Structures are given as structure tokens and as C-alpha cells.
Amino acid sequence: MPSKRRLLALRPTSPNPPQQQPAPPAVPPQQPAARSVVDSAIYIDGRRTASPESLAATYECLRGDARSMAWIGLYRPSPQQLASLAQEFKLHELAVEDAVTAHQRPKLERYGDTLFVVLRAARYLDAEEEVEFSELHVFVGPGFVVTVRHGEAPDLAATRRRMESEPTILARGPEAVLYAILDQVVDGYAPVVAGLENDIDEIETEVFSGDPEASRRIYELSREVIEFQRAARPLVGVLHGLTAGFDKYGIDEELQRYLRDVADHLTQVVERVDGFRQLLQNILTVNATLVGQQQNEEMKRLTEAGYAQNEEIKKISSWAAILFAPTLIGTVYGMNFVHMPELQWMYGYPFAVGMMALVCYTLYLIFKRRDWL
């Protein structure tokens, strides 16, 4: 078996919480912890020899044979469970803290012969058309592998079944399990890449069809792509760190080839995601240009409508001014005054009518020259 390597150890971050008044005792106190242990198995020469039902039983089986290896799978365990693992496997206290709180970026830490690896798995949800991310912590040491999941992905049960179907690979030790988990996480990125690519194609169609919701979808998809980059890109450094330890830790040649294959797949994923981000930036620019053109067209139509309205207002105002002049003159002569010279004048009426016609004609010429009529 190749030499082992390890990262971080864990420490309990909080004592047992004080018990309150007994709740309706439908669930025994041990049952939540039992559900946290998804699977626990002992392997000798790549074959499962025992399936202990508790962590304590796993410790006993592991101590019984120096050739044995324990693979313990946990799902959102309690601090007490991680404290038990830390005490049994001498895990570093900082790793325990990270595993309890989660929300870590992908990284590789090495503490003596213990490895601590943080991975971010992803899966594409077809119904919601969005990407869901989850966190996975892996402790690898001499004779044991402990996985701590904080989400639904990846499907480590499938990884375990695959490894158990290939005992010759599993017999290579805890490092083989780690590389199988890395492969599972990276392979899980492929459906996500396909889903994002399909979403980008749909957005391109929406942009050129003038969908008003396109900008919002571009923004949301850009956020998912950035989050995906944060999950996948740091994993490149994790794989490089493992590769750097090949010679020092005497890693099996077959496992080295296995890891290089995982690194190749990851590089392809990272390159495609980088391309997605640049493509989304271009789409956003095109969408902004199209929206600007639509706004300009709308402003042009509004301007033309305003111009036409102004022309009509000018015509109405001009005729109103022309008609106002005779109305004013007629109003003056319509006043009931006895002493008005024009009332007794023989030419008073023709004079008033002529004055009206002259004023109206003069105003008409003025407005016509200014293109108001």
C-alpha cells in the first residue's frame, strides 16, 4: 500500500448544548446522530469486511487489524461527532472548525500524514434552471477516510459502489478513495456546464427577440457562472498540490495517472466556464446596445409626435389670433354708448369692417411668412 498523507485535524467548537425540558420523546436522542452517519465501512485489501453501525464500533474494528481501512461518510454531523473523530484520528482542531462551520473555498491542507481537502460540488437543477452548490470536506490519513457533506451533491454512494466494484483500486489505500471523490466532483461539473451552455443559448434568443426580462436573466446567469468559477478554479490548485506530493509521499503510479486524468477534465471545465463569462459579458453589451437603440427609436417617435403637435398648436394659435382682431373691434362698436363719433358717421360701418379685414389680412401674412400657416 502506498504511503499515506493527511491534512487537517478537527476540534469540537462547542460543548454539548444544555438540555431543555424533555420534548415529546418520539425520537430518541441518538437518532439524529445516527442519521448523520450515512455509511461506515471497514475494508481489507479493497473488500468490505464490516459495516459498523456506530463510530465507536468503527473504531474497534479499525484497531483490530492493521491492514484495515475505514471509510466513514457523514452528512452534516454534529460537533460532538467530529470531536469523536478528531480524538480517534488525531485530526487538527482547525479542520474540525472548518468542517463544522463550512462555507470554505476549495483548498488542500497537509498536517503531517493527514490531508484535509475542501471541495465544492455543483449540480444543475433542470426544473429551476439554476445551479446548486454544496460543500464537501475530506479527511485522509493512514487507514481512514472521512467525508463530511454539507449538501446533496456529490453522490458519494455511487463513488463507494464504484470503488467496491474495483477492489484492486480500492486496495491502493485512502489516496485511491480521495482521487475517486475528486473524479466524482469533477464529473459532476459536466452536466452543469451543459446546463449553463443551454441557458446562454436561450438568453441569446431572448436578447435578439427584444425580451424585456433578458437583462435580469443575464445578470442571474452571470452570478451563477462566477460562483461556478469560484468552485472549480481553486480546485486546480488542489490538484497541483496533490501532484507536487507524488514523489515525496510515494504515491502509486496508477493513482498518479488517475489524478492527471482528473486534472485534464477539470482544466476543460475551467476553460469552458471562463469562455461562458466572457460570452455573457458580450451578450450583456449587445443587449445594452439593443436596448439603447429601442430607447432612441422611442425617443424619436415621441419627438416626431411632439413636433407634429407643436405644428398643430401653432396653426390653432394663428387662427385664434386672426379671429381675435375682428372680435375686438366688433366688441368696441358693440358697446352701448351714446357719444361715439363713428355711430353717426356715414362711413362708420364700412370703416369698421375694413379695419377688421385689414388686421386679419396683416396677421395672416405675418403667420404665413413664419410658416405657422
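Only this structure's heavy atoms are used, side chains among them; waters, hydrogens and symmetry mates stay out. No experiment lies behind these values; they were computed from the predicted model shown.
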Taking the side chain as everything from C-beta on, heavy atoms only, tell me whether [X] gets closer than 4.5 Å to [Y].
| X | Y | result |
| --- | --- | --- |
| Leu178 | Val145 | no |
| Leu136 | Leu156 | yes |
| Val117 | Ile181 | no |
| Glu175 | Leu259 | no |

Step by step, work out the side chain to side chain contact (heavy atoms under 4.5 Å, CB included) result for Val138 and Leu182.
CA-CA 10 Å; Val138 185; Leu182 288 168; over 6 Å; no
Same apolar cluster: Val269 and Ile200, side chain cutoff 4.5 Å:
yes
Check the hydrophobic clustering (I, L, V, M, F, W, Y; side-chain heavy atoms under 4.5 Å; chains of links allowed) and say if Met69 and Ile44 are grouped together.
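Shared cluster, no.
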Atom pair [atom1]/[atom2] of [X] and [Y] - distance to nearest 0.5 Å:
| X | Y | atom1 | atom2 | value |
| --- | --- | --- | --- | --- |
| Arg105 | Leu119 | CZ | CG | 13.5 Å |
| His240 | Leu235 | NE2 | CG | 10.0 Å |
| Asp261 | Gln256 | CG | CD | 14.0 Å |
| Asp45 | Arg172 | CG | CZ | 12.5 Å |
| Ile72 | Phe139 | CD1 | CZ | 11.0 Å |
| Leu170 | Arg160 | CG | CZ | 9.5 Å |

Taking side chain to side chain donor-acceptor pair (under 3.5 Å) as the definition, give me every residue that meets it alongside [X], ordered by chain and number, with sequence neighbours left out.
| X | answer |
| --- | --- |
| Ser40 | Thr58 |
| Ser68 | none |
| Glu88 | Arg63 |

Where is the tightest heavy-atom contact between [X] and [Y], given as atom of each residue plus distance?
| X | Y | value |
| --- | --- | --- |
| Val177 | Met163 | N-CE, 4.3 Å |
| His137 | Asp98 | CE1-O, 3.3 Å |
| Leu266 | Ala232 | CD1-O, 3.8 Å |
| Ser134 | Gly151 | CB-CA, 3.4 Å |
| Leu108 | Val238 | CD2-O, 3.7 Å |
| Ala70 | Ile42 | CB-CD1, 3.8 Å |

Taking only residues at least two apart or on different chains, which pairs with a member in residues 177-190 satisfy salt bridge (Lys or Arg N to Asp or Glu O under 4.0 Å)?
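Those involving residues 177-190 are Arg162-Asp183.
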Tell me, please, which residues at least two apart from [X] pass salt bridge (Lys or Arg N to Asp or Glu O under 4.0 Å).
| X | value |
| --- | --- |
| Asp264 | none |
| Glu220 | Arg216 |
| Arg217 | Glu129, Glu202, Glu206 |
| Glu224 | none |

Side chain to side chain contact (heavy atoms under 4.5 Å, CB included) evaluation trace for Val193 with Phe276
CA-CA 9 Å; Val193 171; Phe276 288 164; 3.8 Å; yes
Selection residues 270-279 - residue pairs positive for side chain to side chain donor-acceptor pair (under 3.5 Å), sequence neighbours left out
Glu197-Arg272, Gln229-Asp274, Gln229-Arg277, Arg233-Asp274, Gln278-Asn282
Contacts satisfying side chain to side chain donor-acceptor pair (under 3.5 Å) that involve residues 115-127 (not counting sequence neighbours) are Arg120-Glu227, Arg123-Glu132, Tyr124-Asp199
Could you give all pairs that pass the ring pair (Phe, Tyr, Trp, His ring centres under 6.0 Å) test and reach residues 182-227, with sequence neighbours left out?
Tyr189-Phe228
Taking [X] for the side chain and [Y] for the main chain, is one N or O donor matched with an acceptor at less than 3.5 Å?
| X | Y | result |
| --- | --- | --- |
| His150 | Ala99 | yes |
| Arg48 | Ala50 | no |
| Thr205 | Asp201 | yes |

Those residues that, when tested against Tyr59, pass ring-ring contact (aromatic ring centres under 6.0 Å, His included) (two or more places apart)
Phe89
Output, in order, the C-alpha distance, side-chain angles, deciding distance and verdict of side chain to side chain contact (heavy atoms under 4.5 Å, CB included) for Leu74 and Leu85.
CA-CA 11 Å; Leu74 304 175; Leu85 291 166; 3.3 Å; yes
